[in-house]
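Working notes for the structure below.
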Amino acid sequence: MAGDTPPHVVEDVPGVLQLLSDGSVVRGDESVLWPKDPLPDVPGVKWKDVLYHAAHALSVRVYRPESSSSVTGSSKLPVLVFFHGGGYCIGSYTQPHSHTYCLRVAAELPAVVLSVQYRLAPEHRLPGAIEDGKAFLLWLRGQAELGAGGTADRWLAESADFARTFMFGSSAGANLAHHVTVHAASTQTQLAAHPLRVAGYVLISAFFGGADRTAAEVNPPLDVTLTVDGSDMLWRLSLPVGASRDHPVANPFGPESPSLTPMDLPPVLVVAPESDVLLDHVLGYAARLREMGKAVEVAEFPGERHGFSGLQPFGEAANKLMRVLRRFVYAGSARRTGL
């Protein structure tokens with residue numbers, strides 16, 4: 001119709017993602033966000049993609065070391081459920097850096113790693129990704145119930161010790177790992193004898209927010225991979241339209257967030273890079289859980305930036321994190337406690 005105003009750009013992640021005024025989304029090439037250095041091969045790990053949610057066409061990438069002997073001598077391995085980062089708007093379980101990092105975790109812990117695809121905003125706003133995480137937990141519980149004698153995936157039936165399952169994520173994936181763990185805690189009482197137990201969870205550079213600015217947001221570090229404006233935009237793109245950063249997905253301790261005090265949460269490893277505008281949110285999360293009497297371990301990484309382990313999966317800091325992660329997972333395996 002003559003005189004109609006064409007849609008204009010409302011939000012813009014340059015070259016990667018645009019939200020237009022008519023609600024349409026234009027996606028570009030996300031590879032511009034990642035380092036161009038070639039990634040080394042990781043031998044000794046097999047992987048495949050398995051459909052876990054037919055209605056939404058969502059898959060999980062299963063990584064299994066060719067040698068399935070764990071640190072404890074067991075023939076079965078702990079299970080790490082990994083959620084990739086990207087502010088709930090970008091990223092993929094197939095992205096080369098994410099893929100390489102999962103290969104490395106599977107090989108060096110060793111562990112069965114399950115890298116989960118979930119729907120992205122703004123096409124699918126939150127809590128869409130949270131619902132996908134819950135659906136994956138339901139699928140994984142089903143696999144654990146089927147076991148080697150049923151129709152479970154053969155790799156999982158042969159190699160996965162479901163009683164040693166850990167939720168694990170970076171940035172928005174860490175946020176998602178938190179919410180899936182809380183959901184697991186809220187439903188576990190109905191499944192007391194279930195073979196799947198969440199023994200712990202790991203949050204790397206967790207993407208949390210809040211309406212009130214923190215000191216790190218007011219005076220951010222100079223060299224950052226995620227800016228305050230960038231963080232704000234990702235929340236605007238991913239949260240329900242009109243929601244503030246105190247929405248329960250963004251702020252676990254917001255005015256409308258359910259209390260975590262009565263939750264029987266498993267031990268958590270909180271990974272906090274120093275050069276991150278989200279540092280105070282990350283450390284505040286750990287502090288609040290400690291006040292509630294939860295088991296919390298904090299690993300701080302001076303000078304490192306948001307998402308460092310994925311951006312440089314073979315860097316010195318990633319090497320240190322791998323050692324910390326291995327100790328946490330196998331300590332949790334020894335405790336055999338959790339959800």
Side-chain angles (χ1 to χ4, degrees), residues 13 33-35 37 39 80 82-91 95-98 100-102 104-105 108-109 115 166-178 181 200-210 213-235 245 250-253 267-290 296-329:
V13 182
L33 299 175
W34 295 90
D37 298 336
L39 295 167
L80 268 68
F82 181 73
F83 300 103
H84 67 81
Y88 283 119
C89 297
I90 56 179
Q95 198 280 331
H97 284 73
S98 177
T100 298
Y101 187 65
C102 288
R104 188 177 179 197
V105 171
E108 295 187 24
L109 252 61
S115 184
F166 293 78
M167 298 297 157
F168 175 39
S170 177
S171 191
N175 179 295
L176 182 49
H178 157 81
T181 301
Y201 63 118
V202 181
L203 310 185
I204 303 174
S205 305
F207 185 51
F208 292 131
R213 291 296 188 203
T214 66
E217 290 172 325
V218 174
N219 295 297
L222 295 177
D223 184 22
V224 296
T225 53
L226 177 69
T227 65
V228 175
D229 288 344
S231 175
D232 289 352
M233 178 172 61
L234 290 169
W235 284 125
R245 294 188 304 274
N251 185 357
F253 308 106
V268 59
L269 170 62
V270 176
V271 178
E274 179 186 38
S275 295
D276 188 353
V277 298
L278 303 181
L279 177 62
D280 293 331
H281 289 298
V282 171
L283 294 179
Y285 174 88
R288 291 290 294 272
L289 289 190
R290 277 178 173 158
V296 180
E297 178 180 345
V298 176
E300 297 189 59
F301 284 78
E304 294 301 324
R305 299 181 294 173
H306 184 85
F308 68 94
S309 59
L311 292 170
Q312 300 290 339
F314 288 89
E316 182 178 343
N319 292 342
K320 176 184 174 183
L321 177 57
M322 195 67 66
R323 294 190 294 270
V324 172
L325 178 62
R326 189 183 199 210
R327 177 180 48 75
F328 178 79
V329 167

For the pair Asp276 and Ser205, evaluate side-chain contact (heavy atoms from CB on, under 4.5 Å) and give the outcome as yes or no after the intermediate values.
-> CA-CA 8 Å; Asp276 188 353; Ser205 305; 4.1 Å; yes

If only atom types and distance count, is the side chain of [X] paired as donor or acceptor with the main-chain N or O of [Y] below 3.5 Å?
X	Y	value
Arg288	Phe253	no
Asp280	Thr214	no
Thr225	His306	yes
Gln95	His97	yes
Tyr88	Leu176	yes
Ser170	Gly173	no
Asn251	Arg245	no
Thr181	Ala177	yes

Distance, nearest 0.5 Å, that separates [atom1] of [X] from [atom2] of [Y]:
X	Y	atom1	atom2	answer
Leu203	Ser171	CG	OG	11.0 Å
Arg104	Leu325	CZ	CG	10.5 Å
Asn175	Tyr285	CG	OH	9.0 Å
Leu278	Ser231	CG	OG	5.0 Å
Trp235	Phe208	CH2	CZ	8.5 Å
Leu226	Phe207	CG	CZ	6.5 Å

Determine, for Asp232 against Arg213, whether the closest basic-nitrogen to carboxylate-oxygen distance falls under 4.0 angstrom.
-> yes

Ion pair Asp223/Arg305, N-O distance below 4.0 Å | yes

Within a strict 4.5 Å, meaning less than it, do heavy atoms of the [X] and [Y] side chains meet?
X	Y	answer
Phe328	Pro267	yes
His178	Pro252	yes
Tyr101	His84	no
Phe82	Met167	no
Thr100	Phe314	yes
Cys102	Val105	no
Gln312	Pro35	yes

Quick one: closest heavy-atom pair of [X] and [Y], and the distance?
X	Y	value
Val277	Pro220	CG1-CB, 3.6 Å
Ser275	Val224	O-CG1, 4.0 Å
Pro313	Ala318	O-CB, 3.6 Å
Ala286	Val270	CB-CG2, 4.2 Å
Pro221	Ala216	CD-O, 4.1 Å

Should Val271 and Glu300 be marked as a side-chain contact (heavy atoms from CB on, under 4.5 Å) after you check the CA-CA gap, both sets of side-chain angles, and the distance that decides it?
-> CA-CA 6 Å; Val271 178; Glu300 297 189 59; over 6 Å; no

Among all residues two or more places apart in sequence or in another chain, which pass the salt bridge (Lys or Arg N to Asp or Glu O under 4.0 Å) test with Glu297?
-> Arg327

Apply ring pair (Phe, Tyr, Trp, His ring centres under 6.0 Å) to Phe301 and Phe308, showing your working.
-> CA-CA 10 Å; Phe301 284 78; Phe308 68 94; 4.9 Å; yes

Worked verdict on Met233 versus Val13 for side-chain contact (heavy atoms from CB on, under 4.5 Å) = CA-CA 9 Å; Met233 178 172 61; Val13 182; 3.6 Å; yes

Residue pair Ile204, Leu321: steps toward the side-chain contact (heavy atoms from CB on, under 4.5 Å) verdict | CA-CA 10 Å; Ile204 303 174; Leu321 177 57; 3.8 Å; yes

